[in-house]
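Proteins come first, then strands; the chains are lettered A, B, ... in the order of their sequence lines, and each starts at number 1.
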2 protein chains.
Amino acid sequence: MRISKNIDCKNCELKCDIYTASIEIDEDPVKLKPTYAYYSKNEYISKQGTNVSHAIFLINGSAKIFIEGLNNKNIILYLMTPNTYIGLLSFFETPYYLYSVKAMEDTTICMVEIEVLKSLYLKNHDFLLKLNKAFGKSVAQILNKIITLNQKHIRGRIADSLLYLSQIYGSDYFEMKLSRKELGELSGVSEENAVRLLTEFKNDNIIDVKGRKINIKDRHLLTQISNLG
Amino acid sequence: MRISKNIDCKNCELKCDIYTASIEIDEDPVKLKPTYAYYSKNEYISKQGTNVSHAIFLINGSAKIFIEGLNNKNIILYLMTPNTYIGLLSFFETPYYLYSVKAMEDTTICMVEIEVLKSLYLKNHDFLLKLNKAFGKSVAQILNKIITLNQKHIRGRIADSLLYLSQIYGSDYFEMKLSRKELGELSGVSEENAVRLLTEFKNDNIIDVKGRKINIKDRHLLTQISNLG
DNA sequence: ATTCAACATTGTTTTTAAACAATATTTTGT
DNA sequence: ACAAAATATTGTTTAAAAACAATGTTGAAT
């Protein structure tokens, strides 16, 4: 992990909500003291149980947000792509992270101290509402995950994950940044069964698999499998 | 369900956040146009998929908040007791409920139109922060539920639920308002196995069971079962 | 180019918990 | 008080998915 402090938001292509909020109240974004951090693949961006000291915004790359559960088993809640908050879920209630985040590739994030953020949303209502909206979105995703994990069979769960990945990568053809084990963790399925189901889907002509490259050939059927559970 | 409109907050014992927020900005709580609704056991207070039009606050009684999943199977997320919000989770993001709420006994709730609430938190920051806190608390509960459902065996899950219930009812001895089936839904366990495990815990001298009356005799052991999964 | 480690695959066994089935008990409505 | 419905209980069977085991493949490091 490498850090560069006091980023000048003018040079940042990503005009995030925090920046916008700062501008809206005629405050110089320099006051936000934004800090970039660069992570390599598999580095922790935040670790379950540690203190939430900064708001974290993903600039580029990608990351997985996951719960470190019992017996060293992880559950990946969802993936993070540019332009999303990392710290949100533990933002308002708990002073420590309820989950961990790891970079899935070379990833840049921008941090703003939580106290700075607080003073910002005290001055700017709209900003707080935006935070809430993003927060609500995460929750909706998580509720959906509960149904999936609890009520669908592994076939339906893997189908879910594949559809989710295609949405994340914005195409029916994509190269996922996940290992088979991680695909399993995203789906609540053992590594072995994740492999087996990919093969099965391939044999059924629903997808093409070549390593981590996936091509969804029959989205309709895959959706059906997901819906039926 | 029976309704009484234009409640006078002065007569309400429960001085809720909404009331306090209203007072803080020197606004007459009459403007909130609070409405009470009285529900009998098993009546829907809100139904998954319908519009979120009001903020709902539980005055007395109790309710279960649950997802109506696939194949008519429910997952109870948690129980609601007086002085908690009902609508929160779907508040900021979606215009419709992501879950349902049903009264578990005779229950009184107070509703305030969402537009009224919005204008209130636009005037009062602290109030919005309080909403956020409550929101965050719900999320923490739900994350915990994911681990439980996904990584613990049914023994640990039922142990979890019993500990949770004792916390809700504020005692090691309590009469739960849940049927065996509902205890299963709270724990992600079939009705039959819920029964079986209660019997098992009873035989192991960890709890006493008489109908819906539960007495936790060995909290230490029960906690251990919960932790080990 | 070779070795080691991480990742992926496939078959087999075992465990877990749901589903099914039958019956008992309690509650509710008339 | 009685029938009917809802709830609870217990034993048995079946299905699902993890765990185990063995082997293959790929890729990075030297």
Query raised in the report: For Arg155(B), which contact category applies under a 4.0 Å heavy-atom criterion: base, sugar-phosphate, or nothing?
Result: nothing

Query raised in the report: OP1 or OP2 of dT9(D) sitting under 4.0 Å from any side-chain N/O of Arg196(B)?
Result: no

Query raised in the report: To the nearest Å, how far apart are Arg180(A) CZ and dC7(C) C1'?
Result: 9 Å

Query raised in the report: What's the closest nucleotide to the Asn193(A) side chain, out of dA21(D), dT12(C), dA17(D)?
Result: dA17(D)

Query raised in the report: Touch check for Gly188(A), heavy atoms < 4.0 angstrom, all strands: base, sugar-phosphate only, or nothing?
Result: sugar-phosphate

Requested in this report: Ignoring the backbone of Glu192(A), work out which of dC20(D), dT9(C), dA18(C) is nearest its side chain.
Outcome: dC20(D)

Query raised in the report: Choosing from dA18(D), dT7(D), dT9(C), which nucleotide comes nearest the side chain of Val195(A)?
Result: dT9(C)

Report task. Quickly work out the Ile75(B) CD1 to dA18(C) P distance and round it to whole Å. Result -> 12 Å

Query raised in the report: Taking CD from Glu182(B) and P from dA6(D), how many angstroms apart are they, rounded to a whole number?
Result: 14 Å

Query raised in the report: Does the side chain of Lys33(A) pick up a donor-acceptor pair with the side chain of Asn6(A) at under 3.5 Å?
Result: no

Query - Value in whole Å for how far the P atom of dT9(C) lies from CD of Glu200(A) - result: 14 Å

Report task. Let me know the distance between CG of Asn71(B) and P of dA16(D), rounded to the nearest Å. Result -> 12 Å

Requested in this report: Please evaluate the base of dC7(C) for a donor-acceptor partner in the side chain of Glu191(A) within a cut-off of under 3.5 Å?
Outcome: no

